[in-house]
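Contents: one structure, followed by commentary.
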Amino acid sequence: MGRLYAVEIVYRGIFQKTLAKNLSRAIVLAAHKEGKPGISFGRYGDSPERNGIPAKSFAIVASDDLTLEEGMAKYEPKEVDVTIAVDDTLCKGVESWAWYGLQPINRLLKPGGVLIVTSREEPDALIAMAHRKEHPYRLAVVKGTPSFSGLWVYKDDHTDVRILGAMTRLVPDLFSLFSLQEVIAEEWKDPVKATSALRSYERISTVTVEPTQGNPEKPYEFQFPKWHEMREGIAIPSIPMGGAVVDEATGQSGGYRPARNPTFKKFTTRTMRPVVDFDKCIKCTLCWLQCPDSCFDVMPDGMYDANMEACCGCGVCEAVCPEKDCVTMVNEAQFHDNASQWDAWRKDPQGYAAWVKETIAHRPVDRSHGFRFRGQYEQQVPGELSTESRDESPPPVAPDASPQP
Ligand code: SF4
Ligand code: SF4
């Protein structure tokens with residue numbers, strides 16, 4: 001059997017769908033330039049996309065047709081040479097509907113494989129987010145704000161070619177920079193994108209992540225029912241209605257926490273999370289009413305606590321809250337657990353107030369779920385490109401002049 005290469009692209013549903021498609025398609029086209037057959041595909045269609053939900057695309061490339069055929073005779077790759085995470089907060093893990101529980105971002109990586117992340121964070125911060133792996137792997141950071149766009153608009157900030165340019169250095173056997181630049185010329189017809197790929201090739205570096213590094217927590221999982229435990233017909237158990245429960249923080253009843261799906265928690269769907277300033281809350285109920293995921297627990301004192309295991313980070317609560325800076329969406333990368341904010345506020349109101357002030361300073365001005373007003377594209381994209389590619393004119397790259405790693 002020849003050599004088989006598998007690349008997975010982990011992306012946020014809807015917002016990064018086109019980015020993932022562009023990446024997997026270009027990988028295969030560049031490999032074709034070198035006589036390697038390949039195929040790109042999205043995860044099977046029973047994984048419907050929802051805003052922000054972690055989703056996957058794959059690119060499979062082989063040294064020959066037979067190896068490709070053999071490699072494709074499975075549902076999706078069991079192990080990969082490269083994992084690309086196009087939002088750094090995906091390093092906290094991936095929950096794709098209620099299939100598996102939480103999957104570490106590095107779960108499928110082969111020993112010595114490479115995890116490529118688009119981020120403004122330093123490698124240490126990303127390593128701390130990712131779960132520990134039993135063998136070493138490499139981490140490469142393509143510097144940049146995670147690229148989000150809407151359903152109909154593609155944010156062409158060159159994230160696609162910067163990742164691909166980095167790949168030509170990190171996995172040189174897969175395709176060369178020259179092959180990539182041929183594809184860029186044919187597909188995108190933009191010499192500035194070719195320059196972005198070259199810059200990324202030149203700048204990318206890796207750190208090795210050892211088994212002793214990373215998040216030591218065991219990802220949550222659940223048992224699938226055995227065939228003899230399944231009920232007749234299509235029966236999906238509903239979530240039981242909650243009621244007054246004894247509050248863990250106060251030991252009192254009178255609050256209200258709705259029951260939630262134990263096998264689909266949703267928190268890895270978010271790239272931002274709401275921070276609630278309880279001192280500003282006027283108990284208007286709007287967040288509780290409007291949250292599409294019923295995340296708000298009514299606490300015994302009538303406050304509304306966003307449950308961080310259930311919150312998908314949509315930002316509706318921030319949008320509907322009538323009080324200034326009462327609910328603020330903050331970059332998810334700033335948080336290290338899903339603990340209750342209300343608990344923290346009750347235990348230490350002054351400390352919590354200082355924490356809120358410090359934390360909302362990380363309010364992302366450049367991180368959003370795509371474009372929400374006319375002109376936002378023009379505001380964001382030229383600014384990002386100016387630091388990456390437009391600083392120098394594109395130099396031509398000939399086959400024999402292609403830089404080698
Ligand atoms: S961001 Fe707010 S409205 Fe959206 S799911 Fe989370 S708590 Fe609910
Ligand atoms: S929308 Fe704002 S003010 Fe109203 S209950 Fe929620 S947090 Fe309090």
Side-chain angles (χ1 to χ4, degrees), residues 12-15 48-55 87 89-90 92-98 102 146 148 150 239 242 247 249 254-346 349 352-353 355-357 359-360 362-365 367-370 372:
R12 295 219 173 272
I14 306 297
F15 307 130
E49 291 211 358
R50 165 182 156 154
N51 285 351
I53 197 165
D87 179 4
T89 55
L90 288 164
K92 292 188 173 189
V94 173
E95 186 192 26
S96 184
W97 295 97
L102 183 67
F148 280 67
I239 299 171
D247 190 85
Y256 180 68
R257 297 176 194 239
R260 299 194 165 95
N261 189 330
T263 56
F264 182 39
K265 296 181 187 294
K266 305 189 300 281
F267 63 85
T268 68
T269 297
R270 66 175 180 253
T271 192
M272 293 177 283
R273 76 163 64 175
V275 168
V276 179
D277 186 341
F278 297 98
D279 293 327
K280 295 195 168 80
C281 177
I282 57 169
K283 303 183 182 177
C284 71
T285 77
L286 283 175
C287 55
W288 175 75
L289 277 171
Q290 297 297 330
C291 172
D293 284 79
S294 303
C295 292
F296 282 91
D297 295 332
V298 185
M299 307 315 282
D301 59 2
M303 291 292 183
Y304 296 87
D305 188 27
N307 183 293
M308 283 300 122
E309 288 224 316
C311 166
C312 65
C314 68
V316 165
C317 50
E318 180 192 53
V320 299
C321 180
E323 291 299 301
K324 186 172 181 313
D325 293 337
C326 179
V327 181
T328 308
M329 298 302 290
V330 174
N331 184 351
E332 174 65 23
Q334 306 304 320
F335 303 91
H336 306 292
D337 59 37
N338 287 327
S340 160
Q341 296 176 6
W342 180 83
D343 280 352
W345 174 69
R346 287 276 294 218
Y352 185 82
W355 176 81
V356 168
K357 195 172 168 200
T359 305
I360 67 174
H362 295 292
R363 181 192 175 87
V365 290
R367 182 184 287 252
S368 73
H369 294 151
R372 286 183 280 181

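All ligand and atom numbering here is 1-based and tracks the order in the structure. Quick caveat: nothing in here was measured; it's all calculated off a predicted structure. Nothing fancy with the numbering, it's 1 onward along the sequence.
Of all atoms in ligand 1, listed by their number and element, those nearer than 4.0 Å to a heavy atom of P292 are 3 (S).
For the residue pair W345/D305, the side-chain donor-acceptor check at 3.5 Å is not satisfied. No side-chain donor-acceptor contact under 3.5 Å links S340 and R346.
Listed by chain and residue number, the protein N/O/S atoms under 2.8 Å of atom 4 (Fe) of ligand 2 are C284 SG, with waters left out. Excluding waters, the set of protein N, O or S atoms lying under 2.8 Å from atom 6 (Fe) of ligand 1 comprises C311 SG.
Remark: the backbone N or O of D301 is paired with a side-chain donor or acceptor of K283 at under 3.5 angstrom. The closest donor-acceptor contact from the side chain of D293 to the backbone of C295 lies at 3.5 Å or more, if one exists at all. Formation of a donor-acceptor pair under 3.5 Å by the K265 side chain with backbone atoms of E95 is not found in this model.
Counting all heavy atoms, side chain and backbone alike, D87 lies closest to T271 at OD2-OG1, 2.8 Å.
The residue from R273, M272, R12 that alone fulfils the side chain to side chain contact (heavy atoms under 4.5 Å, CB included) condition with T89 is R12. Screening D277, V276, N307 for a side chain to side chain contact (heavy atoms under 4.5 Å, CB included) involving Q341 leaves a single residue, V276.
The line from OH of Y352 to NZ of K357 is 15.5 Å long, rounded to the nearest 0.5 Å.
Considering only non-hydrogen protein atoms, atom 7 (S) of ligand 1 sits nearest to F296 CE1, 3.6 Å.
Using bins of under 30°, 30° to 60° and over 60° for the plane-to-plane angle, the ring pair Y304/F296 lands in the perpendicular bin.
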